[in-house]
Amino acid sequence: MTDFQTLRGMVDILPSETERWQRIETLARNHFSLAGIDEIRTPLLEGTELFKRGIGEGTDVVGKEMYCFVDRGDRSCTLRPEGTASVVRSVIQNGLLSQGPQRLWYGGPMFRYERPQAGRQRQFHQLGVEFFGLSSARSDAELISVAWDFLKDIGLNGLTLQLNSLGTLEDRIHYRIKLVSFLEEFTELLDENSKKQLIKNPLRILDSKNNDVQKLLDKAPTIGDSLSKESKERFCQLQQILKRLEIPFVINQKLVRGLDYYCQTAFEITSDQLGAQATVCGGGRYDDLVEQLGGPPTPSIGFAIGMERLIILLSEKTFDSNIPNVYLVNKGKEAELEALFLARNLRAANIKVELDNSGSSFGKQFKRANKSKASWAIVIGDEEIINGEIKIKSLDKLSNKKDELVFNMSDMQNIIQFVKPFDH
RNA sequence: GCGGGCGUCGCCAAGUGGUUAAGGCAGCGGCUUGUGGCGCCGCUAUUCGGGGGUUCGAAUCCCCUCGCUCGCCCCA
């Protein structure tokens with residue numbers, strides 16, 4: 001074994017995979033940009049208190065999953081476990097909210113000290129969008145549509161949009177009372193974990209994976225029944241807009257989500273191909289968070305997408321990464337220099353060139369040229385130097401081995417024209 | 001944090017107590033000193049994730065540890 005390896009739950013993204021990442025990133029950038037959403041970048045490190053206040057002291061994320069340390073100035077610092085709190089902080093600190101509604105996206109690594117498993121790492125990557133200062137059901141639908149269209153566009157199938165409304169804070173308090181009084185009659189049917197949650201955060205019993213608990217919950221009061229008239233109307237409205245947009249969804253009254261700040265709309269996009277960690281995208285409305293963190297009252301909604309989970313779903317599709325147009329076969333002192341010169345010229349003309357620096361025999365170099373899948377081999381050796389020329393051969397499987405074209409070395413324009421891939 | 005499975009070359013693996021740890025892919029070199037896709041030949045793990053123990057003898061058995069993986073918890 002090697003002396004050094006990545007820390008547990010930390011993963012290298014290797015050259016064979018970066019193409020996939022870049023595709024997703026590019027596509028995301030396009031989607032967001034078309035929707036008038038601008039990028040924001042915030043530090044990976046924030047004061048610990050931001051996350052405690054923002055995400056909620058009672059949550060698992062804050063309670064046991066944060067990477068914290070004390071710096072040389074005795075400040076408690078934390079690697080961000082999610083993006084929303086940082087973005088909210090930034091938007092307040094920089095006064096962006098006084099410039100009208102903000103539509104922002106962010107991306108990058110997040111850190112959570114959890115036990116790794118399929119689709120879960122300690123350093124993972126999220127892509128998120130936040131809308132600030134927009135309160136209508138229409139803005140909820142727009143945000144959801146951005147996520148949905150993006151995921152569809154990368155070619156994912158088997159996705160389900162799950163939708164719920166958590167109502168206002170008062171709605172939830174009412175529901176909480178009803179739910180607790182129902183469950184208290186059946187505590188003996190609850191598992192260990194649910195018993196604890198009953199005291200700490202009873203709503204979270206709703207998404208328990210325990211079958212017996214779920215059976216019991218089928219008879220429990222639903223959150224929908226506890227919603228105020230306004231909340232109900234709002235939720236109805238959202239559903240109607242989504243129908244009009246032809247975005248299919250499923251109502252899941254047990255969808256609560258783990259972070260404290262959600263209210264009204266909560267949603268998740270799940271995949272049937274991911275095992276236990278099925279959520280590809282999760283989000284919801286958080287109308288009180290900005291104020292809670294010291295900003296002006298600002299209705300807000302956002303979502304986050306787990307990049308690694310997208311990568312898993314995309315992993316059957318293979319991408320040919322970085323195939324050169326030209327493989328430059330060269331041998332001999334002067335020829336090697338000339339080849340480097342030529343490579344720069346071709347690259348300047350936007351042609352991908354792989355330059356063989358091995359100095360090995362022409363036979364060997366051609367073998368590698370083939371393997372590189374390049375379309376063309378350009379040959380420069382002592383012979384060519386003497387005649388002031390270069391030779392170009394097609395590496396296409398069907399082409400005749402013997403065919404080669406001779407170009408004058410100084411005839412750069414023609415060489416470039418010849419070797420240039422067709423624009424599509 | 002709790003449970004199950006696993007860990008032999010860069011990758012995929014055979015080997016389950018007994019002389020030098022199969023094989024395939026990839027890599028490198030040669031057959032072929034200046035010309036590719038095929039083929040053939042050679043080279044590439046003193047060592048089986050790491051450490052300790054049992055044994056005349058361990059990749060194979062035991063203990064500890066690290067990592068991966070699947071599930072719980074939780075979440076993207």
Side-chain angles (χ1 to χ4, degrees), chain A residues 1-11 14 16 55 58-65 81-84 107-128 147 151 191-194 196-197 201 204 207-210 255-259 268-271 274-283 302-313 327 329-332 335 356 358 360-374 376-386 391 393-404:
Chain A
M1 251 297 131
T2 46
D3 287 349
F4 295 108
Q5 47 186 312
T6 48
L7 291 169
R8 164 159 245 207
M10 308 279 169
V11 178
L14 299 175
S16 56
I55 303 169
T59 61
D60 279 31
V61 170
V62 171
K64 51 185 199 191
E65 294 173 2
E82 56 109 50
T84 302
M110 308 292 164
F111 303 83
R112 258 122 92 163
Y113 195 92
E114 296 181 273
R115 187 118 181 221
Q117 70 184 69
R120 197 173 74 188
Q121 297 165 191
R122 288 185 174 180
Q123 177 178 333
F124 61 103
H125 300 258
Q126 283 188 336
L127 218 46
L151 294 173
D191 61 338
E192 278 309 298
N193 190 55
S194 299
K196 275 183 216 156
Q197 296 285 20
N201 194 346
R204 273 205 272 158
D207 48 23
S208 164
K209 280 179 191 160
N210 185 301
L255 176 70
V256 282
R257 309 195 44 74
L259 309 180
E268 255 178 38
I269 299 173
T270 54
S271 164
L274 276 175
Q277 312 300 326
T279 306
V280 176
C281 171
F303 69 74
I305 287 172
M307 287 286 279
E308 279 77 5
R309 293 180 188 176
L310 292 191
I311 297 285
I312 292 171
L313 292 174
Y327 193 96
V329 172
N330 62 103
K331 191 169 171 62
D356 195 311
S358 67
S360 45
S361 72
F362 282 89
K364 275 280 160 302
Q365 295 198 40
F366 266 97
K367 276 187 181 165
R368 285 192 211 106
N370 247 328
K371 215 159 276 171
S372 79
K373 295 183 181 170
W376 306 101
I378 295 186
V379 188
I380 309 180
D382 295 336
E383 232 173 68
E384 286 73 16
I385 294 291
I386 291 166
K391 287 172 187 147
K393 288 179 78 166
S394 169
L395 290 169
D396 193 74
K397 280 199 165 53
L398 302 171
S399 73
N400 193 323
K401 268 191 197 184
K402 302 245 161 81
D403 286 347
E404 56 183 25

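The chains referred to below are lettered A, B, ... by the order of the sequence lines, with proteins before strands, and numbering in each begins at 1. Just so it is clear, the values below take in all heavy atoms, side chains as well, and ignore hydrogens, waters and symmetry mates.
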A.B. asks: Is there ring stacking between F124(A) and A76(B), where the centres must be under 5.5 angstrom apart and the planes under 30 degrees?
C.D. replies: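 Yes, F124(A) stacks on the base of A76(B), since the ring centres sit under 5.5 Å apart and the planes are within 30°.
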A.B. asks: Using the P atom as the point on both nucleotides, what is the distance between G30(B) and U69(B), in whole Å?
C.D. replies: 41 Å
A.B. asks: Go ahead and name the base partner of A59(B); Watson-Crick or wobble counts if both distances stay under 3.5 Å, otherwise write none.
C.D. replies: none
A.B. asks: How far does the P atom of A58(B) sit from the matching atom of U19(B), given to the nearest Å?
C.D. replies: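 One P to the other, the span is 11 Å.
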A.B. asks: Within this structure, what is the CZ-to-P distance between R122(A) and C74(B), rounded to whole angstrom?
C.D. replies: 18 Å
A.B. asks: For K391(A), give me all partners under side-chain hydrogen bond (donor to acceptor under 3.5 Å, both in side chains), at least two apart in sequence or on another chain.
C.D. replies: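 Result, side-chain hydrogen bond (donor to acceptor under 3.5 Å, both in side chains) vs K391(A): E383(A), E384(A).
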A.B. asks: Just the rounded figure in Å: distance from P of C75(B) to CG of D60(A).
C.D. replies: 6 Å
A.B. asks: Rounded to whole Å, please give me the gap between OH in Y327(A) and C1' in U35(B).
C.D. replies: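 The distance from OH of Y327(A) to C1' of U35(B) comes to 13 Å, rounded to the nearest Å.
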A.B. asks: What is the distance from CD of E82(A) to P of A76(B), rounded to the nearest Å?
C.D. replies: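 Distance, rounded to whole Å: 8 Å.
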A.B. asks: May I ask you to verify whether the side chain of R309(A) and the base of C75(B) hold a donor-acceptor pair under 3.5 Å?
C.D. replies: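 For R309(A), whose side chain was compared with the base of C75(B), there is a donor-acceptor pair (under 3.5 Å).
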A.B. asks: Can you identify which nucleotide, out of U35(B), A76(B), G34(B), has its nearest atom closest to the R257(A) side chain?
C.D. replies: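 Closest nucleotide among those given: A76(B).
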A.B. asks: Give a yes/no answer on whether the side chain of S361(A) brings an N or O atom under 4.0 Å of OP1 or OP2 in U35(B).
C.D. replies: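 Indeed not, no polar side-chain atom of S361(A) lies that close.
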A.B. asks: Scan G282(A) against the nucleic acid and name what it touches under 4.0 Å (heavy atoms): base, sugar-phosphate only, or nothing.
C.D. replies: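 Counting heavy atoms under 4.0 Å across all strands, the contact made by G282(A) is with sugar-phosphate only.
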A.B. asks: Do the side chains of R122(A) and Y113(A) get nearer than 4.5 Å, heavy atoms only?
C.D. replies: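 When only atoms from C-beta onward are counted, R122(A) and Y113(A) do touch, with a gap below 4.5 Å.
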A.B. asks: With a non-hydrogen cut-off below 4.0 angstrom, is Q197(A) in contact with a base, only sugar-phosphate, or nothing?
C.D. replies: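 Sugar-phosphate contact only - Q197(A) comes under 4.0 Å of backbone atoms but never of a base.
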A.B. asks: Using a 4.0 Å heavy-atom cut-off across all strands, classify D382(A) as base, sugar-phosphate, or nothing.
C.D. replies: base
A.B. asks: Identify the heavy atoms of I269(A) and A147(A) that sit nearest to each other, and give their distance.
C.D. replies: CD1-CB, 4.2 Å
A.B. asks: If we ignore angles and hydrogens, is there a donor and acceptor under 3.5 Å between the side chains of N210(A) and S208(A)?
C.D. replies: no
A.B. asks: Mind checking if E65(A) touches a base, just sugar-phosphate, or nothing, with heavy atoms under 4.0 Å?
C.D. replies: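 Here E65(A) touches the backbone only, sparing every base.
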A.B. asks: Can you confirm whether P81(A) sits close enough to M110(A) that some side-chain heavy atom of one is under 4.5 Å from a side-chain heavy atom of the other?
C.D. replies: no
A.B. asks: Are I380(A) and I385(A) side-chain neighbours, meaning at least one heavy-atom pair lies under 4.5 Å?
C.D. replies: yes
A.B. asks: I'd like to check L310(A) versus L151(A) (side-chain heavy atoms, cut-off strictly below 4.5 Å). Are they in contact?
C.D. replies: yes
A.B. asks: Is it the case that the side chain of Q365(A) and the backbone of N330(A) share a donor-acceptor pair, with hydrogens and angles ignored and the cut-off at 3.5 Å?
C.D. replies: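 It does hold such a pair.
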A.B. asks: For the pair R309(A) (side chain) and T279(A) (backbone), establish whether a donor and an acceptor sit closer than 3.5 Å, ignoring hydrogens and angles.
C.D. replies: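 Yes; at least one donor-acceptor contact below 3.5 Å.
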A.B. asks: For G29(B), which nucleotide is its Watson-Crick or G-U wobble mate, given both distances must be under 3.5 Å?
C.D. replies: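 Check on G29(B): paired to C41(B), both distances under 3.5 Å.
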A.B. asks: Is G23(B) paired to anything, Watson-Crick or G-U wobble with both distances less than 3.5 Å, and if yes, which nucleotide?
C.D. replies: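 When the pairing criteria are applied, C12(B) turns out to be the nucleotide that pairs with G23(B).
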A.B. asks: Assign N193(A) to base, sugar-phosphate, or nothing according to its heavy-atom contacts below 4.0 angstrom with the strands shown.
C.D. replies: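 Sugar-phosphate only.
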A.B. asks: Hey, is F366(A) doing a stacking thing with G36(B), by the 5.5 Å centroid and 30° angle criteria?
C.D. replies: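 So no, this residue does not stack on that base, at least one cut-off failing.
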A.B. asks: If you compare every side-chain N and O of K64(A) against the phosphate oxygens of C74(B) (OP1, OP2), does one of them come in below 4.0 Å?
C.D. replies: no
A.B. asks: Do L127(A) and I305(A) make a side-chain contact, defined as non-hydrogen atoms from C-beta onward lying under 4.5 Å apart?
C.D. replies: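 L127(A) vs I305(A): side chains touch.
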A.B. asks: Would you say Q121(A) and M10(A) make side-chain contact, with heavy atoms under 4.5 Å?
C.D. replies: no
A.B. asks: Tell me: CD1 of I386(A) to P of G34(B), nearest whole Å?
C.D. replies: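 In whole Å, G34(B) P lies 16 Å from I386(A) CD1.
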A.B. asks: Where each residue is assigned the nucleotide of RNA chain B containing its nearest heavy atom, which of D191(A) and E384(A) is assigned the position nearer the 5′ end?
C.D. replies: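 The residue whose closest nucleotide sits nearer the 5' end is E384(A).
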A.B. asks: What nucleotide among U35(B), G36(B), A76(B) has an atom nearest to a side-chain atom of V379(A)?
C.D. replies: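 That would be U35(B).
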A.B. asks: Applying the Watson-Crick and G-U wobble criteria at under 3.5 Å, what pairs with C72(B)? Answer none if nothing qualifies.
C.D. replies: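 Pair assignment: C72(B) / G1(B).
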A.B. asks: If we ignore hydrogens and angles and just use 3.5 Å, is the side chain of R112(A) paired with the main-chain N or O of V61(A) as donor and acceptor?
C.D. replies: no
A.B. asks: Check the distance between C74(B)'s C1' and Y113(A)'s OH and give it to me in whole angstrom.
C.D. replies: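 Going from OH in Y113(A) over to C1' in C74(B) covers 16 Å.
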A.B. asks: To the nearest Å, give me how far apart NZ (K331(A)) and C1' (U35(B)) are.
C.D. replies: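 Atom NZ in K331(A) sits about 12 Å away from atom C1' in U35(B).
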A.B. asks: On a whole-Å scale, what distance lies between the C1' atoms belonging to G51(B) and A59(B)?
C.D. replies: 16 Å
A.B. asks: C75(B) P sits how many Å from D207(A) CG, rounded?
C.D. replies: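 For the pair D207(A) CG and C75(B) P, the rounded distance is 7 Å.
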A.B. asks: Which nucleotide in the set G36(B), G34(B), C73(B) lies at the smallest distance from any side-chain heavy atom of E383(A)?
C.D. replies: G34(B)
A.B. asks: Report, one pair per line, the protein and nucleotides 24-28 of chain B atoms (nitrogen or oxygen only) whose separation is under 3.5 Å.
C.D. replies:
| from | atom 1 | to | atom 2 | distance (Å) |
| --- | --- | --- | --- | --- |
| G27(B) | OP1 | K371(A) | NZ | 3.2 |
| G27(B) | OP2 | K371(A) | NZ | 3.0 |
| C28(B) | OP1 | R368(A) | NE | 3.4 |

A.B. asks: What's touching nucleotides 65-70 of chain B from the protein side, N or O pairs under 3.5 Å?
C.D. replies:
| from | atom 1 | to | atom 2 | distance (Å) |
| --- | --- | --- | --- | --- |
| C68(B) | OP1 | G9(A) | N | 3.2 |
| C68(B) | OP2 | R8(A) | NE | 2.9 |
| C70(B) | OP2 | A118(A) | N | 2.6 |

A.B. asks: Which part of the nucleic acid does V280(A) contact within heavy-atom distance under 4.0 Å: base, sugar-phosphate only, or nothing?
C.D. replies: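 Touches sugar-phosphate only.
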